Amino acid sequence: MADKIPPPTDQLAAVPLDNAGASSSTVHKPWSPSRTRIRSILGRPDGGAGLASQKVQISGWVKKGREQGKGKFAFLEVNDGSCAANLQVKVDASVSDLSKLVTTGTSLTIDGCLKIPPQGKATKQKIELSAEKVIDVGTVDQHGKTPYPIPKTKLTLEYLRDHTNFRARTTTMAAVTRIRHKICLAAHVFCDKHDICYIHTPIITTSDCEGAGEMFQVTTLINQSEKLEKNLVKNIELTEAEETLAKVEDRSKLKPGLLLPRKDGKIDYSQDFFARQAYLTVSGQLHAETYACSMGDVYTFGPTFRAEKSHTSRHLAEFWMVEVELAFAGVEEAMNCAEALVKDICKYLLEKCLDDMELMKNVDEACIDRLQMVALTSFERVTYTKAITLLEEAVAKGKKFENQVAWRLDLASDHERYLTEVLYKKPVIIYNYPKDIKAFYMRLNDDGETVAAFDVLVPKVGELIGGSQREERMDVLMERMEEKRLPIKEYEWYIDLRRHGTVKHSGFGLGLERMLLFATGMDNIRDVIPFPRYPGRADL
Ligand SMILES: NC(=O)C[C@H](N)C(=O)O
């Protein structure tokens with residue numbers, strides 16, 4: 001059993017308690033010197049009690065409000081997004097029109113004095129704000145055409161998905177978002193600590209890294225009327241296009257390269273713009289390799305896109321990946337690095353956002369234990385062939401899987417969960433996959449049948465990371481590309497890296513949203529990214 005990580009000392013109070021101002025011990029931002037974030041009050045180890053009698057200004061949104069004492073005063077629970085906790089604010093009717101303040105969703109800026117609430121009250125708060133002046137109020141339209149969609153009642157995650165413009169006002173989504181921020185930071189801190197240089201790979205590309213063809217095409221549109229003005233499309237007379245369009249019913253019979261206005265009056269001149277069809281990237285890996293093969297260890301971290309029509313709770317059309325590429329490194333070093341990265345992220349979350357992680361226990365009781373376990377336990381490493389044998393043994397003993405288990409078939413999510421949750425009860429790295437089910441760039445092993453690829457599987461989620469040693473031998477790489485029928489001409493720049501100063505190198509990609517599912521215990525990947533993109537959803 002893993003040792004427990006010692007409890008972090010800073011918890012919420014990741015901010016220094018004493019800032020430069022002699023008269024105040026709350027933290028002020030240089031660009032808004034009068035405003036205090038609620039985190040710097042409630043996040044102190046004393047819950048803010050030590051700040052009693054200090055004057056502060058806070059801004060935020062009302063989570064709950066109620067008038068009391070026959071309308072003589074109101075209690076508001078205000079949240080400003082800096083932490084999960086709400087600051088209780090007491091406002092007397094002499095200070096403001098209470099009826100304007102108590103509606104959930106109202107925004108406020110309030111000057112007041114921090115006070116210890118009377119003992120014996122139901123409130124757990126160690127401190128409350130007694131309002132002296134209400135400076136700004138943004139009221140909520142409750143009765144108009146589009147009433148405020150986030151009332152104080154409990155809302156389902158499905159409902160909130162249709163209100164992504166407001167869902168960060170819910171406690172859970174705000175906590176997930178802060179955890180997401182910390183995971184990103186943890187990845188950057190890890191890479192910086194290990195001298196791995198951050199590079200930016202392009203989002204628009206002509207190459208299909210995974211060779212799976214699941215790419216979104218980039219279409220470049222311009223209004224017909226702007227066409228001539230901007231001189232962007234020179235090779236065709238507009239009138240000719242219009243005439244042709246009127247005559248030809250079946251567009252596929254048109255002269256290739258002819259630029260025609262679409263039904264909405266726009267012209268697609270993509271081929272003209274990029275000289276060939278461009279796509280949204282599925283992975284920054286190939287471009288990251290070019291930098292690794294010049295600068296040593298690098299990483300890229302950005303959005304990637306898959307035009308997979310999958311409606312699962314683990315897939316998105318737009319997701320973020322941390323992709324590390326290590327030069328002069330074999331597959332084992334890449335596995336070591338991947339394991340160290342996951343562990344460091346877990347430790348970072350336990351140290352930097354334990355308050356939000358505590359809140360996530362409402363979603364998944366085990367989420368903190370899982371982070372602690374992963375932070376301290378070494379990952380199991382098992383070859384793909386052995387994993388198949390283990391799964392076959394389970395089947396022989398009566399275990400039912402949704403998907404077939406057989407050598408040369410990819411592992412499905414229920415196989416992955418069986419290995420991590422039932423058999424090993426910890427993360428498992430599966431390596432040496434059959435070459436036929438893996439991408440062209442993965443290094444062929446001596447057996448001629450498998451490639452030096454690996455996946456890191458974790459409990460709850462399954463595949464979190466995919467990586468491999470890259471094929472650095474030009475002849476083998478070209479053979480593999482031919483086998484997979486890839487248009488070699490389009491990858492010449494990639495092959496060049498093997499032609500000139502080729503080097504053993506390896507890398508991997510960690511799915512940010514999968515890491516979030518693992519950390520927070522959320523069930524659906526659509527709820528761990530601010531604006532999820534999936535089949536049927538690209539608005540809002
Ligand atoms: N950088 C990586 O190794 C990730 C890999 N290209 C993938 O998309 O799975």
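These numbers were taken from a predicted model, which means no experiment stands behind them. Values below: all heavy atoms of this structure, side chains included; hydrogens, waters and symmetry mates excluded. Note that ligands are numbered from 1 as they come in the structure, with each ligand's atoms numbered from 1 the same way.
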Using the test side chain to side chain contact (heavy atoms under 4.5 Å, CB included), find all partners of M481 that sit at least two apart in sequence or belong to another chain.
-> F440, L477, L486, I488, Y491, I495
Tell me, yes or no, whether the heavy-atom count around K489 atom NZ, taken from other residues, nucleotides or ligands under 6.0 Å, exceeds 12.
-> no
Is the shortest distance from a Lys or Arg side-chain nitrogen in D496 or R498 to a carboxylate oxygen in the other one below 4.0 Å?
->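 No.
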How would you list, by chain and number, every residue that makes a side-chain hydrogen bond (donor to acceptor under 3.5 Å, both in side chains) with D527, sequence neighbours excluded?
->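 Residues passing side-chain hydrogen bond (donor to acceptor under 3.5 Å, both in side chains) with D527: R161, R167.
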Side-chain donor-acceptor contact under 3.5 Å, E210 with Y441 |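 Side chains of E210 and Y441: pair found under 3.5 Å.
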Answer yes if the side chains of S313 and D523 hold a donor-acceptor pair under 3.5 Å, and no otherwise.
->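 No, no side-chain donor-acceptor contact under 3.5 Å.
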Please list, in number order, the atoms of ligand 1 under 4.0 Å from a heavy atom of [X].
| X | answer |
| --- | --- |
| E323 | 1 (N), 2 (C), 4 (C), 6 (N) |
| Q285 | 1 (N), 2 (C), 3 (O), 5 (C), 6 (N) |
| Y441 | 5 (C), 6 (N) |
| E210 | 5 (C), 6 (N), 7 (C), 8 (O) |
| M321 | 8 (O) |
| R470 | 1 (N), 2 (C), 3 (O) |

Determine whether any heavy atom of E325 lies closer than 4.0 Å to an atom of ligand 1.
-> no
Taking atom 8 (O) of ligand 1 as the reference point, the nearest protein heavy atom with its distance |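 The answer is R306 NH2, 3.0 Å.
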